[in-house]
Every structure is written in structure tokens, then in C-alpha cells.
Amino acid sequence: MKSPQAKRGWTGWHTLAALVGFFGVIFTVNGIMTYIALSTFSGIETQNAYQTGRDYNERLEAAAAQQALGWQVSFEETFTATPDGADATVAVQVLDANGMALTGLGGDLTFWRPVVRGEDMVVPLTETAPGVYRAQASLPARGHWEMRLLLEREEAAPYYLEKRIWAGGRDSDG
């Protein structure tokens, strides 16, 4: 005759230990992943996301008004790699709907990296020829940047244009 302890098999304590172990591993892995995600986050942040959402219709109206101006805006960018980043020279040509140069505009270029905080740079535009505006900047890193153009006239709403750029070439070891 066999003893009762030799045939016990799977018990309630085994089930409890398996469930606690299974969920313990799940919670531990989720905790580690959450910590890594929150401690390394450097993406885009919107300071006033709620208000930005509420202003969406006004932004659409401003974009339609900007398109109605018929301005023709073109960029010519030159990037030179430096040990610390890249030197950028940008020429912006602005023509009206009839192809005539627009003079007397004020504005600036903003360089920003979507995934890195603290490297944003605003550079004023200088008119160097009728309808041609230039800006120079020393970017602190090579790679993908967003370039945001802002042009202003006294009698008109501001003109915005964004362009994704690649600054400074590739690293020699990559």
C-alpha cells in the first residue's frame, strides 16, 4: 500500500505559487519597462495640449488665409559638418503670387529636434537681396532637424512653413 504523501501531485499550494510567480514576473517586467520608458523619454511635449486642440479651427483658417496669399517660398540650405555638430546657412526666397520679390519682411528660422529637448535654436532672417533672406546657425548636433520659417508683415498674418532637414552628413564611424 502506498503512503498518502507519495500520491499528492498538484495541490492548491502549487497553484497559488504558480499564479504568484507568473504575475510576479509580469509585474516586474512591466515595472522595469515603465521605468526605462519614463526615465529616457525625450520626445515632443506640448505645453498646452488642451488649448492647442481647441484652437484647431483657427489654425485651419490661418492656413487657408496663408495659402490664399499665393506666396512662393523656396529654401536653399548648406550644411557643413563640424566636430560638435553642423554649421547651417539657409537662404529663403520669397515671391508673391505674381512672381515678384517680397521685400521688407521680418522673421526668423527655428531649428528644433523632435526627439531631443534643449537644442532648439531661433535665428533671425536678414534680407540680403530683394526677396532673399538669409540665416546662419551652428547646430549642436548632426542629424534630422525640423526647420520652421516665420515671416511677418505689418498688414498680414504671419506666414509659417516647416521643413524636415538633414544637417551635417554622417559620422565617420557610423
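These numbers come from a predicted model, not from an experiment. One is the number of the first residue; the rest follow in order along the sequence.
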Are the side chains of E146 and F111 in touch, meaning some heavy atoms are under 4.5 Å apart?
no
Chi angles and distances behind the side-chain contact (heavy atoms from CB on, under 4.5 Å) call for V90, Y133:
CA-CA 8 Å; V90 180; Y133 301 86; over 6 Å; no
Check E77 with K163, please: is the shortest side-chain N to carboxylate O separation under 4.0 Å?
yes
Q93 side-chain N/O to V73 backbone N/O, donor-acceptor pair under 3.5 Å
no
Taking atom CD of Q67 as the centre, report whether more than 12 heavy atoms of other residues, nucleotides or ligands fall under 6.0 Å from it.
no
Pair T11, T15 - check side-chain contact (heavy atoms from CB on, under 4.5 Å), show working.
CA-CA 7 Å; T11 66; T15 305; over 6 Å; no
Q136, CD: over 12 other non-hydrogen atoms inside 6.0 angstrom:
no
D96 side chain vs G99 backbone, donor-acceptor pair below 3.5 Å
yes
Taking all heavy atoms of A141 and all of R113, pick out the closest pair and write down the distance.
CB-NH1, 3.1 Å
Going from CG on L151 to CG on L109, what distance comes out if it is rounded to the nearest 0.5 angstrom?
8.5 Å
So for atom CD, which belongs to E154, do other residues, nucleotides or ligands contribute more than 12 heavy atoms lying within a distance under 6.0 Å?
no
Quick one, M121 and P140 - any side-chain contact, counting heavy atoms below 4.5 Å?
yes
R142 side chain to T82 main-chain N or O, any donor-acceptor pair under 3.5 Å?
yes
Given Q72 and V94, is the side-chain contact (heavy atoms from CB on, under 4.5 Å) satisfied, shown in steps?
CA-CA 6 Å; Q72 303 166 37; V94 185; over 6 Å; no
Assess the residue pair L105 and R153 against the criterion (side-chain contact (heavy atoms from CB on, under 4.5 Å)); give the C-alpha distance rounded to whole Å, side-chain angles, the decisive distance to 0.1 Å, and a yes or no.
CA-CA 6 Å; L105 300 176; R153 286 195 308 186; 2.7 Å; yes
